[in-house]
Protein chains: 2
Amino acid sequence: MSISDAARASGLPAKTIRYYEEIGLIHPARDSNGYRSFSDADIHRLAFLNRARGLGFSIGDCRALLGLYDDQGRASEDVKRLASEHLTRIDARIAELQALRATVAGLVHACAGDGRPECPILDDLAEGPVRAHRAQPLT
Amino acid sequence: MSISDAARASGLPAKTIRYYEEIGLIHPARDSNGYRSFSDADIHRLAFLNRARGLGFSIGDCRALLGLYDDQGRASEDVKRLASEHLTRIDARIAELQALRATVAGLVHACAGDGRPECPILDDLAEGPVRAHRAQPLT
DNA sequence: CTTGACCTTCCAGTTACTGGAAGCCTCATA
DNA sequence: TATGAGGCTTCCAGTAACTGGAAGGTCAAG
């Protein structure tokens with residue numbers, strides 16, 4: 001199976017598949033001409049990665065999850081811990097964003113948004129309280 | 001005012017202040033020995049940046065906001081549009097995270113989390129539906 | 001033989017910093 | 001006067017997880 005077939009089958013861009021090989025998440029075989037050749041197991045692994053990434057797990061988490069997936073003697077406890085920690089991070093992030101949202105929504109609401117220069121948003125940014133240490137990028 | 005004083009007064013790390021100068025957000029004067037010398041206006045600007053970043057505005061947004069702040073003839077409309085778009089992005093991100101949260105919470109709930117290898121979380125990652133195209137990093 | 005669609009590797013850029021190295025500047029102290 | 005402690009400077013590299021693009025090899029069809 002070529003990389004473009006693997007991309008179709010796994011839902012991941014070919015570029016991403018190459019990247020995942022580079023960082024050691026997959027180890028596809030090579031044909032005599034140097035082209036990557038993906039087995040069903042490789043495709044499976046890529047789909048696994050696509051789903052785990054889609055749930056917001058980091059690459060590091062994905063590596064750990066794949067390790068547990070490969071380990072027939074794993075304890076589900078270990079998997080659950082990873083997922084629970086992830087859930088905690090998601091909740092923290094949602095809370096952070098909701099706090100942000102409340103403040104920004106308040107400012108937007110307070111601003112007339114007409115042709116005049118007076119603007120409570122700028123006033124608040126210029127004189128308002130110092131916020132939390134740092135906001136994470138949204139995307 | 002030295003950079004460490006500016007850091008104290010604005011709440012930003014000195015490293016960040018140097019970075020903001022590098023990307024043209026501020027233009028502090030220099031003393032004869034080459035040290036940066038921050039005026040009250042510089043400090044004000046840095047505090048503005050700290051607050052805007054704390055609300056999650058991107059550096060690009062901050063640049064635009066500072067431009068409007070400097071422009072006495074601005075229309076509050078323009079400021080409000082920037083803030084509204086930001087609010088929309090925050091809302092979209094919250095919705096995305098809440099969807100993620102629901103799925104991950106369901107998986108965590110379904111997993112016994114004991115010493116046995118059977119794990120619905122791994123089963124789902126291995127066989128489950130393909131998720132949204134890509135999840136943003138949480139932090 | 002050439003064209004076009006693949007494939008390969010490698011390099012750079014993205015966001016917004018952060019850490020660290022190497023080297024001045026200034027002041028206080030021994 | 002030498003020295004040591006901070007503070008300041010610049011520059012380089014690294015972060016997360018890709019993505020875009022250039023230069024070039026491979027292969028089947030016309």
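Order of the sequence lines fixes the chain letters, A, B, ..., with proteins taken first and strands second; residue numbering starts at 1 for each chain. These values consider heavy atoms only, across backbone and side chains, with no hydrogens, waters or symmetry-generated copies.
- Comparing B:Ser58 and B:Lys15 by the nucleotide of DNA chain C that holds the closest heavy atom to each, the one mapping nearer the 5' end is B:Ser58.
- Contact check, A:Arg18 against D:dG20: no side-chain N or O comes under 4.0 Å of OP1 or OP2.
- One finds a side-chain N or O of A:Ser4 lying less than 4.0 angstrom from the OP1 or OP2 phosphate oxygen of C:dC7.
- Atom CD of B:Glu22 is separated from atom C1' of D:dT10 by 10 Å (rounded to the nearest Å).
- The side chain of B:Tyr20 lies closest to C:dC17, out of D:dT9, D:dA17, C:dC17.
- Put simply, B:Ile121 and A:Ile59 are part of the same group of oily side chains (I, L, V, M, F, W, Y) that touch within less than 4.5 Å, one to the next.
- OP1 and OP2 of C:dT8 both lie 4.0 Å or more from every side-chain N or O belonging to A:Asn33.
- With respect to A:Lys80 and A:Glu77, no salt bridge is recorded, no charged nitrogen being found less than 4.0 Å from a carboxylate O.
- Nucleotide C:dT15 holds its P atom 17 Å from the CG atom of B:Leu49, rounded to whole Å.
- Here C:dG20 presents its C1' atom at 18 Å from OH of B:Tyr19, a figure rounded to the nearest Å.
- Atom-to-atom, CZ of A:Arg63 to C1' of D:dC18 comes out at 14 Å; the value is rounded to the nearest Å.
- Listed pair B:Tyr35 / C:dC24 fails the phosphate criterion, with no side-chain N or O lying under 4.0 Å from OP1 or OP2.
- Summarising the geometry, the separation between CD1 on B:Ile59 and P on C:dT15 is reported as 10 Å, rounded to the nearest angstrom.
- As rounded to whole Å, 15 Å separates atom P of D:dG7 from atom CD1 of B:Ile17.
- Looking at B:Arg81, B:Arg53, B:Arg89 one by one, the single match for salt bridge (Lys or Arg N to Asp or Glu O under 4.0 Å) with B:Asp61 turns out to be B:Arg89.
- The separation between A:Phe57 atom CZ and D:dA16 atom P is 18 Å, rounded to whole Å.
- The distance between atom CG of B:Leu12 and atom P of C:dT18, rounded to the nearest whole Å, is 9 Å.
- Put simply, the side chain of B:Asp114 gets close to the backbone of B:Arg116: a donor and an acceptor are under 3.5 Å apart.
- Within the 4.0 angstrom heavy-atom criterion, only backbone atoms of the sugar-phosphate kind lie near B:Ile3; the bases stay farther away.
- In summary, the side chains of A:Asp91 and A:Thr88 do not present any donor paired with an acceptor at a separation below 3.5 Å, with no hydrogens or angles considered.
- Checking the phosphate oxygens (OP1, OP2) of C:dC6, no side-chain nitrogen or oxygen of A:Ser2 falls inside 4.0 Å.
- For D:dT10, the OP1/OP2 oxygens have a side-chain nitrogen or oxygen of B:Arg36 closer than 4.0 Å.
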